[in-house]
Amino acid sequence: MLLSKLVGERTKTNPSDATIPSHILLLRAGYIKLVSNGIWSLSMPAKRIARKIENIIREEMDAVEGQEVSFPVVMPKELWAESGRYFSIGDEMVRFKDRCGRDMVLGMTHEEAAVHFARDAVNSYQQLPFMIYQFQTKFRDEARSRGGLIRVREFTMKDAYSFHIDNEDLEKYYYRVYDAYTRIFKRIGMKDVVAVKSDTGMMGGSVAHEYMLLTDVGEDTIVLCSECDYKANMEVAVSVRDNLRDEVSEPLQEVFTADKADIAAVSEFLNVPENKTVKAVCYFIKGTEKPVICFIRGDLEINESKLKKVISAEVVPANINDIPGLHAGNIGPINLSVPDATVVFDQSLKGLNNLVGGANKPEYHIKGIDFDRDVKIEAFYDVAKVKEGEKCPVCGKKLVLRNGIEVGNIFQLGTKYTKTMGMTVLDKEGKAVNPIMGCYGIGIGRAIASVAEESHDDKGLIWPMAIAPWQVYLCALRIDELAVKEKSEELYRALEEQGVEVLFDDREASAGFKFSDCDLMGIPIRIVISPKTLAKGNIEISTRDKKIQTDVSYLDAVHKIKELIYQLSG
């Protein structure tokens with residue numbers, strides 16, 4: 001490819017609306033261009049990277065007996081109504097009517113399409129297991145697009161769906177894909193990816209893992225043990241907390257706290273630590289005005305993903321002023337009277353005493369609350385976020401929190417879709433049963449951005465050889481001189497004939513300008529041909545990471561370049 005013909009601008013100026021390195025550098029290097037909020041065009045170099053990532057994924061999916069298919073982007077309402085997700089998914093799903101007035105949706109994911117595709121063609125356990133996968137454009141009307149390709153509305157994803165006769169078969173296959181994903185991210189060039197237990201979310205199912213690239217710019221929080229192999233997304237992470245029960249329980253005492261409404265203010269006013277207070281957090285069940293009141297230790301935060309599972313419903317923050325019987329800043333577990341409210345107590349409160357909580361009237365709190373003595377509770381639930389330094393549930397050592405970008409996910413879906421959509425097969429006894437499904441996804445654009453986030457320096461991107469848009473950047477200095485032009489074109493043709501991918505910078509521009517573009521674009525190997533090198537019968541070879549820089553004979557150039565490509569591909 002001649003750089004002079006490449007469509008896409010490169011710039012030294014940082015875009016004002018980009019805040020993280022991958023977003024800044026992909027824009028500056030001309031890899032992406034914004035069309036609308038969360039919607040991007042990919043230039044030729046980005047498309048070449050995407051194709052290489054897809055091919056790596058395709059090889060690994062084929063290696064676990066995957067069958068590549070293609071489902072439509074647009075689907076009729078009826079498919080999604082069968083599963084129930086047409087009604088349960090909110091504004092993220094784009095719904096519209098076609099010219100005949102028929103209700104349609106843009107695919108966010110394709111579980112329904114996969115079941116529709118298979119249910120009439122598969123009718124016996126002897127046809128199981130199987131896995132079908134695709135690379136397809138999807139649209140999710142994301143409320144907060146950010147970070148360039150990190151969080152978008154339109155995206156290309158590899159999604160795969162497996163079908164099994166029983167849970168044992170699913171479990172075996174699930175972990176084959178688990179291992180395949182580990183290989184995929186390693187081959188792509190990601191260096192710091194971990195697989196963590198995660199929430200199943202809108203996908204449903206019972207078991208799920210996310211593959212997280214650990215990076216400070218990630219918006220997901222990962223809980224890791226400092227000693228053992230415990231890893232989990234914050235949405236499902238658990239911990240062991242110290243028992244804070246005092247030997248002697250104090251009597252209940254109502255105290256005046258004036259306008260002190262939040263935990264920090266009350267704690268300071270009464271001179272008690274925050275972990276000896278009770279906090280109330282209020283929600284509505286989504287789509288209703290039915291209140292949900294959660295009590296938790298004052299120094300902890302509610303994990304809404306855990307809460308949703310406890311009450312089997314979506315929640316939204318409540319305006320306390322809209323709930324009769326509640327007084328903002330003074331809500332407590334004693335003498336609480338809120339009709340029709342769902343009240344949830346976090347297990348952090350179990351067995352604690354001498355706590356401070358709201359008195360359920362303005363300007364007053366209660367001291368000396370003993371949960372064994374004063375509050376009648378049928379059950380405690382884990383609805384708290386894990387805190388840094390709490391104990392690992394496996395080995396008891398300290399937990400640490402890291403930020404991460406989700407680069408892939410896998411789910412054990414169970415029969416959520418096959419049951420609602422009426423897919424059955426005959427088992428060995430001739431009984432009709434619903435196949436059990438697994439689901440496996442990787443976003444291609446996010447993979448590009450994640451590698452860029454991990455592999456860059458202050459000069460630009462540093463692509464791993466496996467997915468680089470080109471392997472070699474051929475930089476001709478003083479191309480206006482005939483010898484440089486001829487030798488550069490000769491080497492360009494020789495490399496291409498040997499299957500080497502070359503971006504030939506054939507522009508009449510300064511060395512600094514060309515080197516800057518080379519570093520910005522992140523091509524792994526740079527070849528320099530100039531009057532100075534040719535005078536010695538040499539070319540200059542260097543790697544983008546600056547670890548190798550040497551002169552080699554022009555006559556031996558093709559051989560040396562291929563050797564270096566092989567070395568960097570290992």
Please table the atom pairs, donor to acceptor, closer than 3.5 Å between any side-chain atom in residues 120-137 and protein atoms at least two apart or in another chain.
residue: S124; atom: OG; partner: Q126; partner atom: N; Å: 3.1
residue: Q127; atom: OE1; partner: N123; partner atom: N; Å: 2.9
residue: Q127; atom: OE1; partner: S124; partner atom: N; Å: 3.2
residue: Q127; atom: NE2; partner: A121; partner atom: O; Å: 3.1
residue: Y133; atom: OH; partner: D62; partner atom: OD1; Å: 2.7
residue: Q134; atom: OE1; partner: F71; partner atom: N; Å: 2.9
residue: Q134; atom: NE2; partner: H110; partner atom: ND1; Å: 3.4
residue: Q134; atom: NE2; partner: D159; partner atom: OD1; Å: 3.2
residue: Q134; atom: NE2; partner: D159; partner atom: OD2; Å: 3.1
residue: Q136; atom: NE2; partner: F71; partner atom: O; Å: 2.4

Closest approach of I263 to G298 (non-hydrogen atoms, all atoms of both residues): CG2-O, 3.7 Å

Indicate every side-chain donor-acceptor pair of residues 420-427 with a distance under 3.5 Å to a residue at least two apart or in another chain.
residue: T420; atom: OG1; partner: K416; partner atom: O; Å: 3.0
residue: T420; atom: OG1; partner: Y417; partner atom: O; Å: 3.3
residue: D427; atom: OD1; partner: E429; partner atom: N; Å: 3.0
residue: D427; atom: OD1; partner: G430; partner atom: N; Å: 3.1
residue: D427; atom: OD1; partner: K431; partner atom: N; Å: 2.8

Atom pair CD/CG of E111 and L413 - distance to nearest 0.5 Å: 6.0 Å

Check against side chain to side chain contact (heavy atoms under 4.5 Å, CB included), V152 and R146: CA-CA 7 Å; V152 295; R146 63 174 289 272; over 6 Å; no

Heavy-atom closest contact (V344 atom, V383 atom, distance): CG1-CG1, 4.2 Å

Flag for N409-E210: side-chain donor and acceptor within less than 3.5 Å: no

What side-chain donor-acceptor pairs closer than 3.5 Å can you find for residues 218-225, not counting sequence neighbours?
residue: E219; atom: OE1; partner: R144; partner atom: NH1; Å: 3.2
residue: E219; atom: OE2; partner: R151; partner atom: NE; Å: 2.5
residue: E219; atom: OE2; partner: R151; partner atom: NH2; Å: 2.2

Parallel, tilted or perpendicular, as decided by the 30° and 60° cut-offs, for the rings of Y31 and W463: perpendicular

Test item: F185 and I442 side chains (from C-beta on) under 4.5 Å apart, heavy atoms: yes

Check: V338 and L336 side chains under 4.5 Å, non-hydrogen atoms: yes

G147 versus S22, closest heavy-atom pair with distance: O-OG, 4.5 Å

Heavy-atom side-chain proximity of M108 to I89 below 4.5 angstrom: yes

Any K290 side-chain heavy atom under 4.5 Å of F284 side chain: no

Pair Y181, H209: side-chain N/O donor-acceptor within cut-off below 3.5 Å: no

Heavy atoms from other residues, nucleotides or ligands near NE2 of H164 exceed 12 (cutoff 6.0 Å): yes

Spatial distance of atom NZ (K306) from atom SG (C294) [nearest 0.5 Å]: 12.5 Å

Side-chain heavy-atom pair L6, M1 within 4.5 angstrom cut-off: yes

Approximate separation, where rounding is to 0.5 Å, of L106 CG and K138 NZ: 11.5 Å

Set of salt bridge (Lys or Arg N to Asp or Glu O under 4.0 Å) partners for K308, sequence neighbours left out: E314

Among R85, E82, E78, side chain to side chain contact (heavy atoms under 4.5 Å, CB included) partner for E112: R85

Nearest-0.5 Å distance that lies between atom CE in M44 and atom CD1 in I49: 11.5 Å

Heavy-atom check, side chain of M61 versus side chain of K158, under 4.5 Å: yes

Closest contact, heavy atoms only, T342 versus I311: CG2-CG2, 4.0 Å

Considering all heavy atoms, the nearest A113-L79 contact: CA-CD1, 4.5 Å

Of all pairs that satisfy salt bridge (charged side-chain N to carboxylate O under 4.0 Å, His left out), the ones with a partner from residues 5-30, not counting sequence neighbours: R10-D517

Charged tip of R446 within 45° of F155 ring normal and under 6.0 Å: no

Exercise: do S455 and K191 side chains pair donor with acceptor under 3.5 Å: yes

Selection residues 288-316 - residue pairs positive for ring pair (Phe, Tyr, Trp, His ring centres under 6.0 Å), sequence neighbours left out: F295-F345

Sub-4.5 Å side-chain heavy-atom contact between M212 and V193: no

CZ/F380: more than 12 non-hydrogen atoms of other groups inside 6.0 Å: yes

Validation row, ring centre Y211 to ring centre Y178 under 6.0 Å: yes

Separation between CG of L213 and CD1 of I405, rounded to the nearest 0.5 Å: 5.5 Å

Non-hydrogen side-chain atoms of N55 and R51 separated by less than 4.5 Å: yes

Separation of Y440 OH from Y174 OH (nearest 0.5 Å): 8.0 Å

